[in-house]
Structure formats: C-alpha cells, structure tokens
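One structure is given here, and the rest of the page talks about it.
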Amino acid sequence: MPPLSVLTDLTLVLGPPLHNGTSFLDFQVAARAGSAASALADHEWVRHEHAAVEALTAREGPLTARTLLETMIGGVLHVDVTIADADRCWVRHADDQLYAAVRINTADVRPRAAALALQQVEAVEALNAVATSLATLDGRHWLAWSSHSEADDGGDEQTQRVMKIVADMAAAVLGEATSLSPPPVRGDEPPLDLLGELLRAIDAGAQHAQQPQLPLSAELRALRHRDPLCHEWQRVAMDAFFLAAQSPERVRAQVAEADAAALAYLFVGKERTDRLKADPFVSPRFRRELAARAFMTAYALQRLAPTVFTALRTHMTAVRG
C-alpha cells in the first residue's frame, strides 16, 4: 500500500452516559477546575472510559480476530476492515465538555480501498448514521464521528526529525549516545551478539508501543506516516501484518525452542535478512539500522496484535531467558 499524500484522522467521541451520570459530571467539574492530570488519571469516570476504549480496540488473538471498532467500520463500508493502530485520547466537544475518544489514521486501515473510502465526507456521515443507534445500545446519549485531513508536505526539517528518531531508536537499544553519524569502528570490540541485540530492540519497541506518553513513542506516532519515514513504515507494517497472521501454536510446533530466538530476524525484514545471509559482516551503520528496524516492527506488532506478540516473544526467549 503506497503512502497517502493526504493524511486523514478519524475520531470517534464517546458521549455522555444515559444513566448514572454522577461520575461523569464530577469529572467535568474537576476538569474545568483545572485539576492536575495525575489527579484525574485515577478518577472513576476516567477508568470507566479507558475500559470502554479498550473494549472497542482490543484484539484478542491473531489478525482474524476482529475488534469491535473494525466490526463497526467494516459494517458501514461492507468490507472486512483491519485497523493496525488506534489512539485513546480526550477531546473537548462542541458542548465544551471533555470526552474520551478513539482516533485512527486512515493510513492504518486495510484494505487500501477502505482507507480511501474513509477519507470521504460520505463515509463519516454513514458512520454517524449508524452511531446514532449504537449509542443507545452502549448506554450513551450519542456517539460522534469526525475527520480531519492535512497534506504531508515533507521538507528538510521533517527529514531531520526522521533521521534523529531512527538514531534515537538505535541508541535506546545499543546504549550509544544519540548521533546522526555512525559510531567509530574499533578493532578490539568483542564478538557481536546480534540476536541478543535484536531481542533487546524487540523488547524496547513493544515497551514504547504500550507507553505512548514517552517522547520517542510520540515522535514515532507523529512521523510514521509522513515522508520520508512512511516508505519504510509501509514495509514495517507488512511484516507486522505477516507476523500477526501467524498462529502462535503452529509457530511453537514448527520452530523448536532451541531455534526460536532466530525468529527475531523476521523483525528486520526480508531485504536485511538476505543481506545478512549474503554477508554476515555487520558494519556499525548496519547494526544501528537493524536495531531501529526491529524496534519499529515490534512496535507495530504490539499495537496490531499484542497477544500474538507476547506469544512469539515468549517462545523466542524460552532458551535464552
């Protein structure tokens, strides 16, 4: 799926409750009073809405297990839809109240035809027509869809940000100081434990996927669909979709524990794996490239199918520990 030059975010806002609105109203009072985010984080209404968003977006199993959000959108578009990623956020609505919301970028939607359809005003209107009936079933006064589109203009500054985030991902794995240039070659370095580094990269990527508030996570989310990172991200997404479609049970049956760590090579993509097969020498630059790529694939897989990621990761370390 080639990158989309127009980036469109779809947002589903979860409206107020039909019944037992005391917690909701108390939350609104606290939010208007400017209560600290840390104080609001443990509010009863916040916990309630976090659970509601989780129910909409959680995928329990491989790629064939549809989320409620995918079922909702797919029903409107009359096609099976897969959403690679979704954000939980809080938005201020037209009534000046603060509501929980789910936000997706259409570039994270498969198939491509569905992604393009969701950029159209008619799709948002159709989603809102369905939301009217779903709101009552969900015990809310309303559910509301909206969209926002902007062009990806790219530019030198954005390219510099991408170069820096790739360096930051590698540094998070290799423990090196952030630098846009490769580290110097040292002739007395110990043998490279490449598998160990890839496993660390995979762990780091998954951890960042679960902590969107981290600066590196936020920057990756901001740039992954923008030029020039979008070209690599499409390959990352394809590898994540391939891994998410695997049955963990079949993988365990076909790949012995003694060899399972080598599954880490699936996280760096076929092109880089073929390069390693052709020439096992890993230059400093290539080492950083492998770490960043494994980080991104793990990040994408954790967001797409967390139960599959956990099963694969557990099998990969059954022997290494």
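Side chains are part of it too, since the values below use all heavy atoms of this structure and drop only hydrogens, waters and symmetry mates.
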Checklist entry - What do the steps show when you test Phe27 against Val46 for side-chain contact (heavy atoms from CB on, under 4.5 Å), and what is the final call? => result CA-CA 8 Å; Phe27 168 76; Val46 172; 3.5 Å; yes
Checklist entry - Crowded around Asp156 CG? As in, over 12 foreign heavy atoms under 6.0 Å? => result no
Checklist entry - Is any side-chain N of the basic residue among Glu232 and Arg235 closer than 4.0 Å to the acidic one's carboxylate O? => result yes
Checklist entry - Would the number of heavy atoms belonging to other residues, nucleotides or ligands and lying under 6.0 Å from CD of Gln211 be above 12? => result yes
Checklist entry - Can you name the residues that form a side chain to side chain donor-acceptor pair (under 3.5 Å) with Glu249, not counting sequence neighbours? => result Ser247
Next on the checklist: For His208 and Phe295, I'd like to know if the aromatic rings sit close, meaning centre-to-centre distance below 6.0 Å.
Outcome noted: yes
Item to check | Distance in Å, Leu127 CG paired with Thr132 OG1, rounded so as to fall on 0.5 Å steps | outcome: 11.0 Å
Checklist entry - Quick one: does Arg110's side chain have a donor or acceptor within less than 3.5 Å of a partner on Ala107's backbone? => result yes
Item to check | Same cluster (ILVMFWY, side-chain, under 4.5 Å), Phe241 and Leu220 | outcome: no
Item to check | Cluster link Leu14 to Ile73, ILVMFWY, side chain under 4.5 Å | outcome: yes
Item to check | Step-by-step side-chain contact (heavy atoms from CB on, under 4.5 Å) determination, Gln97 to Arg32 | outcome: CA-CA 9 Å; Gln97 305 271 50; Arg32 282 195 296 271; 2.9 Å; yes
Checklist entry - Out of curiosity, does Leu304 fall in the hydrophobic cluster containing Leu69 (side-chain heavy atoms, cut-off under 4.5 Å, transitive links)? => result no
Checklist outcome for this item: When rounded to the nearest 0.5 Å, the distance separating CG of Asp153 from CZ of Arg226 is 8.5 Å
Checklist entry - Where the side chain of His315 meets the backbone of Ala311, is there a donor-acceptor pair that is under 3.5 Å apart? => result no
Item to check | Reference residue Leu194; test side chain to side chain contact (heavy atoms under 4.5 Å, CB included); the match among Leu199, Val268, Leu290 | outcome: Leu290
Next on the checklist: Parallel, tilted or perpendicular, judged at 30° and 60°: which one describes the rings of Phe267 and Phe309?
Outcome noted: perpendicular
Checklist entry - Side chains of Val13 and Trp142: does their closest heavy-atom pair fall under 4.5 Å? => result yes
Checklist outcome for this item: Correct closest heavy-atom pair for Val81 and Gly74 would be CG2-CA, 3.8 Å
Next on the checklist: I want to check something: taking the side chain as every heavy atom from C-beta on, are Arg224 and Asp85 in contact at a cut-off of under 4.5 Å?
Outcome noted: yes
Item to check | His93 atom NE2, over 12 foreign heavy atoms within 6.0 Å | outcome: yes
Checklist entry - Are any of the side-chain heavy atoms of Met72 and Trp145 separated by less than 4.5 Å? => result yes
Next on the checklist: Test your reading of the model: is there a side-chain donor-acceptor pair from Glu219 to the backbone of Lys164, 3.5 Å cut-off?
Outcome noted: no
Next on the checklist: Same cluster or not: Leu118 versus Leu68, using hydrophobic residues (I, L, V, M, F, W, Y) connected whenever any side-chain heavy atoms lie under 4.5 Å apart?
Outcome noted: yes
Next on the checklist: Quiz question: by atom type and distance under 3.5 Å, do the side chains of Arg221 and Ser217 form a donor-acceptor pair?
Outcome noted: no
Next on the checklist: Which heavy atom of His141 sits nearest to which heavy atom of Pro17, and what is that distance?
Outcome noted: CD2-O, 3.2 Å
Next on the checklist: Do Val79 and Leu63 sit in one hydrophobic cluster, given that two such residues count as connected whenever their side-chain heavy atoms are within less than 4.5 Å of each other, even indirectly?
Outcome noted: no
Next on the checklist: Within the structure provided, determine whether Leu301 and Leu312 are in side-chain contact (heavy-atom separation under 4.5 Å).
Outcome noted: yes
Item to check | Nearest heavy-atom neighbours spanning Ala201 and Ala291 | outcome: CB-O, 3.4 Å
Checklist entry - If only atom types and distance count, is the side chain of Arg303 paired as donor or acceptor with the main-chain N or O of Ala209 below 3.5 Å? => result yes
Next on the checklist: Between Glu197 and Asp193 (side chain of the first, backbone of the second, donor and acceptor by atom type, cut-off under 3.5 Å), is there such a pair?
Outcome noted: no
Checklist entry - Would His43 and Ser23 count as a side-chain contact (heavy atoms from CB on, under 4.5 Å) if you check the C-alpha gap in whole Å, the side-chain angles of each, and the deciding distance to 0.1 Å? => result CA-CA 8 Å; His43 193 281; Ser23 177; 3.8 Å; yes
Checklist entry - What do the steps show when you test Met316 against Leu195 for side-chain contact (heavy atoms from CB on, under 4.5 Å), and what is the final call? => result CA-CA 10 Å; Met316 288 158 62; Leu195 267 181; over 6 Å; no
Next on the checklist: I want to check something: taking the side chain as every heavy atom from C-beta on, are Glu70 and Arg59 in contact at a cut-off of under 4.5 Å?
Outcome noted: yes
Next on the checklist: Donor-acceptor check, side chain of Glu49 to backbone of Tyr99, threshold 3.5 angstrom: yes or no?
Outcome noted: no
Checklist entry - Is the shortest heavy-atom distance from the side chain of Arg161 to the side chain of Leu223 under 4.5 Å? => result yes
Next on the checklist: Does any part of the side chain of Val282, heavy atoms only, come nearer than 4.5 Å to the side chain of Leu276, both counted from C-beta?
Outcome noted: yes
Checklist entry - Taking only residues two or more places apart in sequence or in another chain, which ones pass side chain to side chain donor-acceptor pair (under 3.5 Å) with Asp80? => result none
Item to check | Euclidean distance, Phe24 CZ relative to His19 NE2, rounded to 0.5 Å | outcome: 14.5 Å
Next on the checklist: Quick one, Leu143 and Leu12 - any side-chain contact, counting heavy atoms below 4.5 Å?
Outcome noted: yes
Next on the checklist: With a sphere of 6.0 Å drawn around CD of Glu271, does it hold more than 12 non-hydrogen atoms of other residues, nucleotides or ligands?
Outcome noted: no
Next on the checklist: Given 3.5 Å as the limit, does a donor-acceptor pair link the side chain of Ser149 with the main chain of Thr8, or not?
Outcome noted: no
Checklist entry - Donor-acceptor pair, Asp152 side chain versus Asp227 backbone, under 3.5 Å? => result yes
Checklist entry - Between Thr67 and Leu56, which heavy-atom pair has the shortest distance, and what is it? => result CB-O, 3.5 Å
Checklist entry - Can we say Asp203 and Arg313 salt-bridge, meaning some charged N sits less than 4.0 Å from an Asp/Glu carboxylate O? => result yes
Checklist outcome for this item: Looking only at heavy atoms, the pair that brings Val308 and Pro62 closest together is CG2-CA, 3.5 Å
Next on the checklist: Over 60° means perpendicular and under 30° means parallel, so tell me whether Trp90 and His50 are parallel, tilted or perpendicular.
Outcome noted: tilted
Item to check | Rounded distance [0.5 Å steps], CG in Leu263 versus CG in Leu198 | outcome: 11.5 Å
Next on the checklist: Ignoring hydrogens, what is the shortest heavy-atom contact between His225 and Asp108? Give both atom names and the distance.
Outcome noted: NE2-OD1, 3.0 Å
Checklist entry - So, does Glu150 use its side chain to make a donor-acceptor pair with the main chain of Leu7 at under 3.5 Å? => result no
Checklist entry - Within the distance-only criterion (no hydrogens, no angle test), does the side chain of Arg200 pair as donor or acceptor with the backbone N or O of Leu174 below 3.5 angstrom? => result no
